[in-house]
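See below for the structure under consideration.
For this chain, numbers begin at 1 and follow the sequence in order. Quick caveat: nothing in here was measured; it's all calculated off a predicted structure.
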Amino acid sequence: MTASTVLVYLDVVPAEGPHKTQLELVSAGRILGPVAVAVANEPSETAVAQLAEHGAEAVYTPGSADLSGFLVAPKAAWLAAVVATAQPAAVVVDNSFEGKEIAARLGVRLSAGVVTDVVALEAGGIAHKSVLAGSYEVRARATSQIAVLAVKGHAAEGAPAPTPGAASVQAVEVPGDAFTNAARITARAERPKTGRPELTEASIIVAGGRGTDGDFTPIEELADALGAAVGASRAATDAGWIGHDFQVGQTGKTVSPQLYISAGISGAIQQKAGMQTSKVIVAVNSDPESPVFEIADFGVVGDLFKVLPQATEEIKRRRG
């Protein structure tokens, strides 16, 4: 791959500007070359200015169409139309469930190689891919004319420093047949606000698992004392103790905070796949043989209902 344009796809960008993870995706794309951005809605001037600050040379929009009311099929069709206009060497999407489906559909449309679960990028189109639930990391490169890369959050390490780009806005109309038989979103419900950071953007996360026995009170109190987000294992979400939006792991969200506190979680491979790139991992578990201690930087063998409240009180005391 040469230093050709890299097209970064962003789903709906808020009027106040892109989310932190969206800007990280733009930065990750810049590792491969100059970046153009395809935004699924009509971005505000504020949003375009922020994308320009992070190096976007062009911003493509769906023109008069509104893609926010549909699921993935029209978005993939429109993205293929943008590719025909921009002629990029690679397309970068986020590694969410929707992002990976868009990548698959786009790969079929373009006869392109698709690489998912990308945790890092190198110049030359080389993708570091997480495999076997995070047990191994392999290096892959698509041999097709264009590559479609689904990149996990926090993969922008080593990205060039932000350099202002032109960010010229250009509308690319959605193909007329894109909405045929497309699934439409009929209603939305706003998620209740907790006052805590978004899980995928938080610098500190406190996560609980089966060991909480359904009581997340010590998890939430420690998180609030630290200004952290709350996470959970699959066992906890499957039991209905906390919503699936809080799940961290192979079938949940991928996070990479500065500090990840794991309480009452065994550290099975499913959980490890979603948080192993955290800078510092602290584990609290009553079982000294728990696999979580193999990946933890610091471990506490003890009852989370005794350990976490003590930590919370000490943090509150030090903060006055």
Side-chain angles (χ1 to χ4, degrees), residues 10-14 16-25 27-28 93-100 117-119 130 133-134 150-157 188-212 214-268 270-284 292 295-296 304 308 312:
L10 302 180
D11 203 9
V12 177
V13 173
E16 61 272 19
H19 296 301
K20 176 175 175 283
T21 50
Q22 291 178 320
L23 293 176
E24 286 180 347
L25 202 63
S27 296
V93 303
D94 74 290
N95 199 66
S96 63
F97 295 122
E98 181 171 296
K100 286 188 284 188
D117 297 322
V118 176
V119 295
S130 176
V151 179
K152 289 189 174 185
H154 311 287
E157 188 172 337
R188 283 186 170 89
E190 186 174 351
R191 183 186 304 166
K193 298 186 182 300
T194 64
R196 302 186 184 105
E198 168 61 32
L199 185 59
T200 56
E201 299 185 8
S203 58
I204 304 174
I205 295 173
V206 183
R210 196 187 304 275
T212 64
D215 183 1
F216 267 69
T217 302
I219 305 292
E220 293 171 342
E221 290 179 346
L222 179 57
D224 290 340
L226 291 168
V230 169
S233 69
R234 178 174 177 174
T237 60
D238 283 352
W241 297 339
I242 191 170
H244 283 280
D245 285 344
F246 295 91
Q247 183 184 335
V248 175
Q250 185 180 12
T251 55
K253 295 180 179 179
T254 300
V255 298
S256 186
Q258 295 296 313
L259 172 61
Y260 186 92
I261 301 175
S262 167
I265 301 176
S266 68
Q270 198 283 140
Q271 167 77 186
K272 177 183 173 184
M275 45 68 75
Q276 62 183 342
T277 57
S278 303
K279 302 301 181 292
V280 177
I281 299 172
V282 176
V284 179
V292 72
I295 60 172
L304 70 88
L308 266 55
T312 300

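Taking the side chain as every heavy atom from C-beta outward, L304 and P218 approach each other to under 4.5 Å. Considering only heavy atoms from C-beta on, T277 stays 4.5 Å or farther from V119 through its side chain. Residues S203 and K20 fail the side-chain proximity criterion, which asks for heavy atoms closer than 4.5 Å. Using a 4.5 Å heavy-atom cutoff, the side chains of V206 and E220 are not in contact. Taking the side chain as every heavy atom from C-beta outward, V248 and L199 approach each other to under 4.5 Å. Side-chain contact check for D94 versus T21: every heavy-atom pair is 4.5 Å or farther apart. Two residues are said to be in side-chain contact when any heavy atoms from C-beta on lie closer than 4.5 Å; V292 and I265 fail this criterion.
Smallest separation of non-hydrogen atoms from G99 and V93: O-CG2, 3.5 Å. Between A296 and A283, the shortest heavy-atom distance links the atoms CB-CB, 3.8 Å. Across all their heavy atoms, F216 and G209 have their closest contact at CZ-N, 4.5 Å. Scanning both residues, L226 and I204, for their nearest heavy atoms gives O-CD1, 3.9 Å. Taking all atoms of both residues into account, the shortest heavy-atom contact from A202 to P197 is CB-CB, 3.9 Å. Across all their heavy atoms, A223 and V230 have their closest contact at CB-CG2, 3.7 Å.
Side chain of Q22 to main chain of H19: a donor-acceptor pair is present (N/O by atom type, distance under 3.5 Å, no hydrogens or angles).
The line from NE2 of H244 to CZ of R234 is 8.5 Å long, rounded to the nearest 0.5 Å. S256 OG to I205 CD1: the interatomic distance, rounded to the nearest 0.5 Å, is 9.0 Å. Taking NZ of K253 as the reference point, atom CG of N95 lies at 14.0 Å (rounded to 0.5 Å). Taking CD1 from I242 and CD from Q247, the interatomic distance works out to 10.5 Å, rounded to the nearest 0.5 Å. Here the OG1-CD distance, from T312 to E221, works out to 6.0 Å after rounding to the nearest 0.5 Å.
In terms of the side chain to side chain contact (heavy atoms under 4.5 Å, CB included) criterion, residue partners of D224 (sequence neighbours excluded) are, by chain and number, R196.
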Show the numbers, then the answer: is there a side-chain contact (heavy atoms from CB on, under 4.5 Å) between I219 and T212? CA-CA 8 Å; I219 305 292; T212 64; 4.1 Å; yes

Evaluate M275 against I281 for side-chain contact (heavy atoms from CB on, under 4.5 Å), listing each step before the verdict. CA-CA 9 Å; M275 45 68 75; I281 299 172; 3.7 Å; yes

